[in-house]
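The structure appears right after this line, and notes come after that.
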Amino acid sequence: MSQKIVLMFLLLAMVGTTMVQGQGTRVGFYATTCRRAESIVRATVQSHFTSDSSIAPGLLRMHFHDCFVNGCDASILIDGANTEKTARPNLLLRGYDVIADAKTQLEAECPGVVSCADILALAARDSVVLTKGLTWPVPTGRRDGRVSLASDTSNLPGFTDSVDVQKQKFAAFGLNAQDLVTLVGGHTIGTTACQFFSYRLYNFTTTGNGADPSINPSFVSQLQTLCPQNGDGSRRIALDTGSQNRFDSSFFSNLRSGQGILESDQKLWTDATTRTFVQRFLGVRGLAGLTFGAEFGRSMVKMSNIGVKTGTNGEIRRVCSAIN
(Lines give C-alpha, C1' and ligand atoms only; values in the text may rest on other atoms or scores of the structure.)
Protein backbone atom coordinates (compact mmCIF):
# COMPACT_ATOMS: atom_id res chain seq x y z
CA MET A 1 0.00 0.00 0.00
CA SER A 2 1.47 3.38 -1.01
CA GLN A 3 2.35 6.05 1.54
CA LYS A 4 -0.28 8.43 0.10
CA ILE A 5 -3.04 5.82 0.53
CA VAL A 6 -1.96 5.16 4.12
CA LEU A 7 -1.98 8.91 4.84
CA MET A 8 -5.46 9.21 3.30
CA PHE A 9 -6.78 6.49 5.63
CA LEU A 10 -5.23 8.31 8.58
CA LEU A 11 -6.88 11.57 7.51
CA LEU A 12 -10.27 9.88 7.19
CA ALA A 13 -9.91 8.47 10.69
CA MET A 14 -8.89 11.84 12.11
CA VAL A 15 -11.77 13.61 10.36
CA GLY A 16 -14.16 11.14 11.93
CA THR A 17 -12.79 12.00 15.36
CA THR A 18 -12.99 15.73 14.70
CA MET A 19 -16.56 15.52 13.47
CA VAL A 20 -17.72 14.61 16.97
CA GLN A 21 -16.98 18.24 17.82
CA GLY A 22 -18.05 19.49 14.40
CA GLN A 23 -21.32 21.15 15.38
CA GLY A 24 -23.27 19.41 12.62
CA THR A 25 -20.79 19.32 9.73
CA ARG A 26 -20.06 16.03 8.00
CA VAL A 27 -18.18 14.77 4.98
CA GLY A 28 -20.55 14.39 2.03
CA PHE A 29 -23.21 16.78 3.35
CA TYR A 30 -24.31 17.62 -0.21
CA ALA A 31 -24.25 14.04 -1.53
CA THR A 32 -27.99 14.02 -2.18
CA THR A 33 -28.91 17.74 -2.30
CA CYS A 34 -26.18 18.95 -4.66
CA ARG A 35 -24.16 15.98 -5.84
CA ARG A 36 -21.68 17.99 -7.94
CA ALA A 37 -21.02 20.69 -5.31
CA GLU A 38 -17.44 19.73 -4.53
CA SER A 39 -16.49 19.06 -8.15
CA ILE A 40 -17.88 22.45 -9.22
CA VAL A 41 -15.81 24.24 -6.57
CA ARG A 42 -12.72 22.22 -7.49
CA ALA A 43 -13.07 22.97 -11.21
CA THR A 44 -13.61 26.67 -10.52
CA VAL A 45 -10.50 26.94 -8.35
CA GLN A 46 -8.52 24.99 -10.95
CA SER A 47 -9.64 27.35 -13.71
CA HIS A 48 -8.60 30.48 -11.80
CA PHE A 49 -5.37 28.86 -10.61
CA THR A 50 -4.37 28.06 -14.21
CA SER A 51 -4.35 31.76 -15.08
CA ASP A 52 -3.05 33.00 -11.69
CA SER A 53 -1.33 30.56 -9.32
CA SER A 54 -1.20 33.18 -6.55
CA ILE A 55 -4.91 32.58 -6.02
CA ALA A 56 -4.08 29.41 -4.05
CA PRO A 57 -2.43 31.07 -1.03
CA GLY A 58 -5.02 33.82 -1.27
CA LEU A 59 -7.93 31.42 -0.78
CA LEU A 60 -6.14 29.52 1.99
CA ARG A 61 -5.54 32.71 3.96
CA MET A 62 -9.06 33.98 3.35
CA HIS A 63 -10.48 30.82 4.95
CA PHE A 64 -8.15 31.25 7.93
CA HIS A 65 -9.11 34.91 8.36
CA ASP A 66 -12.80 34.02 8.10
CA CYS A 67 -12.68 31.30 10.75
CA PHE A 68 -10.83 33.42 13.32
CA VAL A 69 -13.57 36.07 13.31
CA ASN A 70 -16.96 34.82 14.51
CA GLY A 71 -16.28 31.34 13.17
CA CYS A 72 -16.21 29.83 9.67
CA ASP A 73 -19.33 31.58 8.35
CA ALA A 74 -18.17 33.46 5.23
CA SER A 75 -18.56 36.80 7.01
CA ILE A 76 -15.25 37.81 5.41
CA LEU A 77 -17.06 37.92 2.04
CA ILE A 78 -19.75 40.48 2.94
CA ASP A 79 -19.46 43.89 1.27
CA GLY A 80 -20.19 47.17 3.01
CA ALA A 81 -18.73 49.92 5.16
CA ASN A 82 -16.90 48.64 8.24
CA THR A 83 -17.26 44.95 7.34
CA GLU A 84 -14.47 42.45 8.02
CA LYS A 85 -12.98 42.79 4.55
CA THR A 86 -12.35 46.51 5.22
CA ALA A 87 -10.22 45.82 8.31
CA ARG A 88 -6.50 46.40 7.90
CA PRO A 89 -5.45 42.71 8.27
CA ASN A 90 -7.83 41.80 5.44
CA LEU A 91 -7.15 44.56 2.93
CA LEU A 92 -4.74 42.45 0.85
CA LEU A 93 -6.77 39.24 0.83
CA ARG A 94 -7.40 37.80 -2.64
CA GLY A 95 -9.79 35.27 -4.13
CA TYR A 96 -13.20 36.90 -3.73
CA ASP A 97 -13.81 36.49 -7.46
CA VAL A 98 -13.15 32.76 -7.27
CA ILE A 99 -15.74 32.26 -4.54
CA ALA A 100 -18.26 34.43 -6.41
CA ASP A 101 -17.68 32.44 -9.60
CA ALA A 102 -18.19 29.11 -7.82
CA LYS A 103 -21.32 30.43 -6.11
CA THR A 104 -22.84 31.56 -9.43
CA GLN A 105 -22.33 28.09 -10.89
CA LEU A 106 -23.70 26.37 -7.79
CA GLU A 107 -26.81 28.57 -7.74
CA ALA A 108 -27.47 27.54 -11.33
CA GLU A 109 -27.03 23.88 -10.42
CA CYS A 110 -28.62 23.78 -6.94
CA PRO A 111 -30.32 27.08 -6.02
CA GLY A 112 -30.17 28.02 -2.34
CA VAL A 113 -28.38 24.84 -1.23
CA VAL A 114 -24.61 25.32 -0.91
CA SER A 115 -23.33 27.89 1.59
CA CYS A 116 -20.58 30.38 0.87
CA ALA A 117 -18.84 29.19 4.03
CA ASP A 118 -18.60 25.67 2.61
CA ILE A 119 -17.40 26.96 -0.75
CA LEU A 120 -14.56 28.76 1.03
CA ALA A 121 -13.60 25.68 3.08
CA LEU A 122 -13.56 23.50 -0.04
CA ALA A 123 -11.63 26.09 -2.07
CA ALA A 124 -8.94 26.27 0.63
CA ARG A 125 -8.45 22.49 0.46
CA ASP A 126 -8.40 22.51 -3.34
CA SER A 127 -5.79 25.28 -3.30
CA VAL A 128 -3.45 23.13 -1.22
CA VAL A 129 -3.90 20.19 -3.59
CA LEU A 130 -3.19 22.35 -6.64
CA THR A 131 0.14 23.36 -5.09
CA LYS A 132 1.10 19.69 -4.63
CA GLY A 133 -0.08 19.28 -1.05
CA LEU A 134 -2.04 16.31 0.28
CA THR A 135 -5.82 16.33 0.09
CA TRP A 136 -8.19 15.75 3.01
CA PRO A 137 -11.96 15.16 3.35
CA VAL A 138 -13.70 18.47 4.15
CA PRO A 139 -16.75 18.24 6.45
CA THR A 140 -19.51 20.48 5.08
CA GLY A 141 -22.89 21.72 6.28
CA ARG A 142 -21.97 25.21 7.49
CA ARG A 143 -24.44 28.04 7.11
CA ASP A 144 -23.51 31.64 6.36
CA GLY A 145 -23.36 34.32 9.04
CA ARG A 146 -25.30 37.57 8.93
CA VAL A 147 -22.85 39.77 10.86
CA SER A 148 -19.55 41.18 9.58
CA LEU A 149 -17.77 43.89 11.55
CA ALA A 150 -14.24 45.22 11.08
CA SER A 151 -14.07 45.78 14.83
CA ASP A 152 -14.23 42.01 15.41
CA THR A 153 -10.92 41.29 13.66
CA SER A 154 -8.68 41.86 16.68
CA ASN A 155 -8.55 38.08 17.18
CA LEU A 156 -6.50 37.66 14.02
CA PRO A 157 -2.87 36.75 14.70
CA GLY A 158 -0.45 39.55 13.85
CA PHE A 159 3.00 39.48 12.25
CA THR A 160 4.68 40.86 15.39
CA ASP A 161 2.88 38.58 17.87
CA SER A 162 4.97 36.68 20.38
CA VAL A 163 4.54 32.92 20.55
CA ASP A 164 2.61 33.32 23.82
CA VAL A 165 0.15 35.70 22.15
CA GLN A 166 -0.16 33.42 19.13
CA LYS A 167 -0.87 30.44 21.38
CA GLN A 168 -3.50 32.39 23.30
CA LYS A 169 -5.28 33.40 20.10
CA PHE A 170 -5.31 29.82 18.83
CA ALA A 171 -6.28 28.33 22.19
CA ALA A 172 -9.33 30.60 22.26
CA PHE A 173 -10.68 28.46 19.41
CA GLY A 174 -9.63 25.08 20.74
CA LEU A 175 -6.41 24.92 18.74
CA ASN A 176 -3.24 23.81 20.49
CA ALA A 177 0.45 24.60 19.98
CA GLN A 178 0.85 21.86 17.39
CA ASP A 179 -2.11 23.23 15.43
CA LEU A 180 -0.49 26.67 15.61
CA VAL A 181 2.80 25.52 14.10
CA THR A 182 1.02 23.34 11.55
CA LEU A 183 -1.37 26.01 10.31
CA VAL A 184 1.31 28.72 10.17
CA GLY A 185 3.10 26.21 7.95
CA GLY A 186 0.54 27.24 5.34
CA HIS A 187 2.99 30.08 4.69
CA THR A 188 4.87 27.53 2.59
CA ILE A 189 2.95 29.04 -0.34
CA GLY A 190 2.48 32.67 -1.21
CA THR A 191 4.07 36.02 -0.54
CA THR A 192 3.97 38.98 1.82
CA ALA A 193 4.71 42.66 1.34
CA CYS A 194 7.95 44.35 2.38
CA GLN A 195 5.97 46.65 4.68
CA PHE A 196 5.22 43.71 6.98
CA PHE A 197 8.82 42.73 7.72
CA SER A 198 11.32 45.35 6.47
CA TYR A 199 11.44 46.87 9.96
CA ARG A 200 13.40 43.74 10.92
CA LEU A 201 16.18 44.70 8.50
CA TYR A 202 17.01 48.25 9.60
CA ASN A 203 17.55 49.78 13.04
CA PHE A 204 15.97 46.77 14.75
CA THR A 205 18.95 46.70 17.12
CA THR A 206 21.71 49.19 17.93
CA THR A 207 24.47 46.62 17.49
CA GLY A 208 25.81 44.56 14.61
CA ASN A 209 24.19 45.21 11.24
CA GLY A 210 21.07 46.65 12.89
CA ALA A 211 18.90 43.76 11.75
CA ASP A 212 16.82 41.35 13.83
CA PRO A 213 19.44 38.95 15.25
CA SER A 214 17.15 35.97 14.62
CA ILE A 215 17.66 36.47 10.86
CA ASN A 216 20.60 34.58 9.37
CA PRO A 217 23.22 37.32 8.73
CA SER A 218 23.86 36.05 5.19
CA PHE A 219 20.13 36.34 4.48
CA VAL A 220 19.85 39.92 5.72
CA SER A 221 21.68 41.38 2.72
CA GLN A 222 19.43 39.43 0.32
CA LEU A 223 16.34 40.83 1.97
CA GLN A 224 17.76 44.35 2.07
CA THR A 225 18.30 44.15 -1.69
CA LEU A 226 14.70 43.05 -2.19
CA CYS A 227 13.29 45.57 0.31
CA PRO A 228 15.59 48.62 0.47
CA GLN A 229 15.13 51.07 3.30
CA ASN A 230 12.38 53.57 2.40
CA GLY A 231 11.65 51.49 -0.70
CA ASP A 232 8.38 50.20 -2.12
CA GLY A 233 6.54 48.70 0.85
CA SER A 234 4.04 46.93 -1.39
CA ARG A 235 6.64 44.77 -3.15
CA ARG A 236 5.82 41.09 -2.72
CA ILE A 237 8.39 38.63 -1.31
CA ALA A 238 8.08 34.85 -0.99
CA LEU A 239 7.22 33.66 2.53
CA ASP A 240 9.00 30.36 1.84
CA THR A 241 12.25 31.25 0.07
CA GLY A 242 12.92 28.90 -2.81
CA SER A 243 9.57 27.10 -2.65
CA GLN A 244 6.77 29.66 -2.69
CA ASN A 245 4.62 27.75 -5.19
CA ARG A 246 4.84 24.27 -3.69
CA PHE A 247 3.06 23.09 -0.57
CA ASP A 248 5.84 21.31 1.32
CA SER A 249 7.82 21.35 4.57
CA SER A 250 10.63 23.60 3.32
CA PHE A 251 9.06 26.49 5.25
CA PHE A 252 10.23 24.78 8.45
CA SER A 253 13.72 24.26 7.03
CA ASN A 254 13.88 28.00 6.41
CA LEU A 255 12.86 28.72 10.01
CA ARG A 256 15.67 26.49 11.24
CA SER A 257 18.10 28.36 8.97
CA GLY A 258 17.01 31.78 10.24
CA GLN A 259 15.20 32.57 7.01
CA GLY A 260 11.69 33.13 8.30
CA ILE A 261 10.29 36.27 6.68
CA LEU A 262 7.67 37.36 9.21
CA GLU A 263 8.81 37.99 12.76
CA SER A 264 5.94 35.88 14.13
CA ASP A 265 6.99 32.97 11.88
CA GLN A 266 10.65 33.00 12.91
CA LYS A 267 9.62 33.05 16.57
CA LEU A 268 8.25 29.52 16.12
CA TRP A 269 11.90 28.44 15.94
CA THR A 270 13.42 30.78 18.52
CA ASP A 271 10.77 29.89 21.13
CA ALA A 272 11.50 26.50 22.72
CA THR A 273 7.80 25.69 23.23
CA THR A 274 7.13 25.62 19.49
CA ARG A 275 10.59 24.70 18.17
CA THR A 276 9.98 21.03 19.02
CA PHE A 277 7.08 20.86 16.57
CA VAL A 278 9.18 22.46 13.83
CA GLN A 279 11.89 19.88 14.52
CA ARG A 280 9.37 17.04 14.39
CA PHE A 281 8.20 18.20 10.96
CA LEU A 282 11.84 18.22 9.91
CA GLY A 283 12.42 14.67 11.16
CA VAL A 284 15.07 15.60 13.71
CA ARG A 285 16.61 12.44 15.16
CA GLY A 286 15.41 11.53 18.65
CA LEU A 287 11.97 13.11 18.25
CA ALA A 288 8.72 11.50 17.09
CA GLY A 289 8.32 12.62 13.50
CA LEU A 290 5.28 14.40 12.09
CA THR A 291 4.16 14.36 8.46
CA PHE A 292 3.32 17.93 7.53
CA GLY A 293 0.77 17.16 4.80
CA ALA A 294 -1.26 14.80 6.98
CA GLU A 295 -1.12 17.03 10.05
CA PHE A 296 -2.10 20.08 8.02
CA GLY A 297 -5.30 18.37 6.90
CA ARG A 298 -6.11 17.37 10.47
CA SER A 299 -5.56 20.90 11.81
CA MET A 300 -7.53 22.42 8.94
CA VAL A 301 -10.54 20.26 9.80
CA LYS A 302 -10.32 21.43 13.42
CA MET A 303 -10.05 25.05 12.36
CA SER A 304 -12.85 24.79 9.80
CA ASN A 305 -15.24 23.69 12.56
CA ILE A 306 -14.71 26.86 14.61
CA GLY A 307 -18.02 28.56 15.41
CA VAL A 308 -19.93 26.70 12.70
CA LYS A 309 -23.50 27.90 12.20
CA THR A 310 -26.13 25.26 11.42
CA GLY A 311 -29.93 25.03 11.28
CA THR A 312 -31.65 28.36 11.86
CA ASN A 313 -28.42 29.92 13.16
CA GLY A 314 -27.41 31.32 9.79
CA GLU A 315 -28.55 31.34 6.19
CA ILE A 316 -27.61 30.18 2.70
CA ARG A 317 -26.70 33.37 0.86
CA ARG A 318 -27.71 33.57 -2.79
CA VAL A 319 -24.84 36.03 -3.36
CA CYS A 320 -21.79 35.60 -1.14
CA SER A 321 -21.07 39.31 -0.82
CA ALA A 322 -24.53 40.23 0.46
CA ILE A 323 -26.80 39.10 3.30
CA ASN A 324 -30.13 37.78 2.00
Side-chain angles (χ1 to χ4, degrees), residues 3 6-7 10-11 13-15 17-18 21 57 60-61 63-65 67-68 124-125 128 131-136 155-190 192 197 212-216 219 238-244 246-306:
Q3 183 182 22
V6 171
L7 289 173
L10 286 172
L11 279 170
M14 288 186 288
V15 168
T17 300
T18 305
Q21 304 172 4
L60 182 59
R61 263 149 232 162
H63 182 44
F64 181 94
H65 282 224
C67 291
F68 265 64
R125 185 270 310 276
V128 170
T131 50
K132 309 305 181 185
L134 289 178
T135 190
W136 66 89
N155 287 333
L156 289 170
F159 56 89
T160 63
D161 284 351
S162 68
V163 167
D164 282 344
V165 169
Q166 292 182 68
K167 287 195 293 188
Q168 289 168 11
K169 289 180 177 180
F170 276 68
F173 299 109
L175 301 170
N176 58 32
Q178 181 175 319
D179 295 316
L180 161 63
V181 176
T182 303
L183 292 170
V184 171
H187 286 168
T188 182
I189 55 174
T192 189
F197 70 89
D212 182 342
S214 68
I215 305 175
N216 187 316
F219 191 48
L239 282 164
D240 185 4
T241 303
S243 184
Q244 73 180 72
R246 187 176 182 89
F247 201 92
D248 55 26
S249 61
S250 66
F251 171 78
F252 299 113
S253 297
N254 280 330
L255 296 187
R256 178 173 58 184
S257 301
Q259 295 184 331
I261 301 299
L262 299 180
E263 182 181 1
S264 55
D265 288 355
Q266 189 59 50
K267 283 175 178 175
L268 298 182
W269 177 259
T270 58
D271 190 293
T273 65
T274 47
R275 184 189 306 130
T276 299
F277 295 110
V278 177
Q279 292 173 319
R280 291 175 69 186
F281 282 129
L282 292 172
V284 172
R285 185 174 299 177
L287 295 174
L290 290 170
T291 302
F292 176 52
E295 293 301 324
F296 191 80
R298 181 193 65 81
S299 291
M300 282 292 286
V301 170
K302 285 181 67 176
M303 185 192 77
S304 71
N305 275 322
I306 293 173

*Taking the six-membered ring for Trp and the full ring for Phe, Tyr or His, determine whether the centres of Phe251 and Phe292 are under 6.0 Å apart.*
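Centroid separation for Phe251 and Phe292: 6.0 Å or greater.
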
*Would Trp136 and Val128 satisfy side-chain contact (heavy atoms from CB on, under 4.5 Å), going step by step from the backbone distance to the final call?*
CA-CA 10 Å; Trp136 66 89; Val128 170; 3.9 Å; yes

From [X] atom [atom1] to [Y] atom [atom2], the distance as rounded to the nearest 0.5 Å:
{"X": "Lys132", "Y": "Asp248", "atom1": "NZ", "atom2": "CG", "value": "12.5 Å"}
{"X": "Ser249", "Y": "Leu290", "atom1": "OG", "atom2": "CG", "value": "11.5 Å"}
{"X": "Leu60", "Y": "His187", "atom1": "CG", "atom2": "NE2", "value": "8.5 Å"}
{"X": "Trp269", "Y": "Ser253", "atom1": "CH2", "atom2": "OG", "value": "9.5 Å"}
{"X": "Thr160", "Y": "Gln166", "atom1": "OG1", "atom2": "CD", "value": "9.5 Å"}
{"X": "Ser304", "Y": "Arg125", "atom1": "OG", "atom2": "CZ", "value": "10.5 Å"}

*Do any N or O atoms from the side chain of Asn216 and from the backbone of Ser257 form a donor-acceptor pair under 3.5 angstrom?*
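Such a contact is found between Asn216 side chain and Ser257 backbone.
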
*Do Thr291 side-chain atoms and Ala294 backbone N/O form a donor-acceptor pair below 3.5 Å?*
no

_Qualifying residue for side-chain hydrogen bond (donor to acceptor under 3.5 Å, both in side chains) with Asp161, from Gln168, Lys267, Lys169_ =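 Testing Asp161 for a side-chain hydrogen bond (donor to acceptor under 3.5 Å, both in side chains) against Gln168, Lys267, Lys169 leaves exactly one candidate, Lys169.
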
*asked:* Pairing donors with acceptors under 3.5 angstrom, does anything connect the side chains of Asp240 and Thr188?
replied: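 There is such a pair (donor and acceptor under 3.5 Å, judged by atom type) between the side chains of Asp240 and Thr188.
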
*For residues Lys167 and Thr273, is any side-chain donor paired with an opposing acceptor at under 3.5 Å?*
yes

I'd like to check [X] versus [Y] (side-chain heavy atoms, cut-off strictly below 4.5 Å). Are they in contact?
{"X": "Ile261", "Y": "Thr241", "result": "yes"}
{"X": "Leu255", "Y": "Gln266", "result": "yes"}
{"X": "His63", "Y": "Met300", "result": "yes"}
{"X": "His65", "Y": "Leu156", "result": "yes"}
{"X": "Leu134", "Y": "Phe296", "result": "no"}
{"X": "Gln178", "Y": "Arg280", "result": "yes"}
{"X": "Arg256", "Y": "Leu282", "result": "yes"}
{"X": "Val181", "Y": "Phe252", "result": "yes"}

*asked:* Using the ring pair (Phe, Tyr, Trp, His ring centres under 6.0 Å) criterion, which residues pair with Phe68? Sequence neighbours excluded.
replied: Phe64, Phe170, Phe173

*Would you please name every residue forming a ring pair (Phe, Tyr, Trp, His ring centres under 6.0 Å) with Phe219, sequence neighbours left out?*
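Counting only residues at least two positions away or on another chain, Phe219 forms no ring pair (Phe, Tyr, Trp, His ring centres under 6.0 Å).
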
*side-chain contact (heavy atoms from CB on, under 4.5 Å) between Glu295 and Phe281, intermediate numbers included*: CA-CA 9 Å; Glu295 293 301 324; Phe281 282 129; 3.9 Å; yes

*Would you check, one step at a time, whether the test side-chain contact (heavy atoms from CB on, under 4.5 Å) holds for Phe277 with Thr182?*
CA-CA 8 Å; Phe277 295 110; Thr182 303; over 6 Å; no

_Asp179 with Lys302: basic N within carboxylate O range, under 4.0 Å_ =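 A salt bridge links Asp179 with Lys302.
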
*Write down the atom of Val163, the atom of Thr274, and the distance for their closest heavy-atom approach.*
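Result for this residue pair: CG1-CG2, 3.6 Å.
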
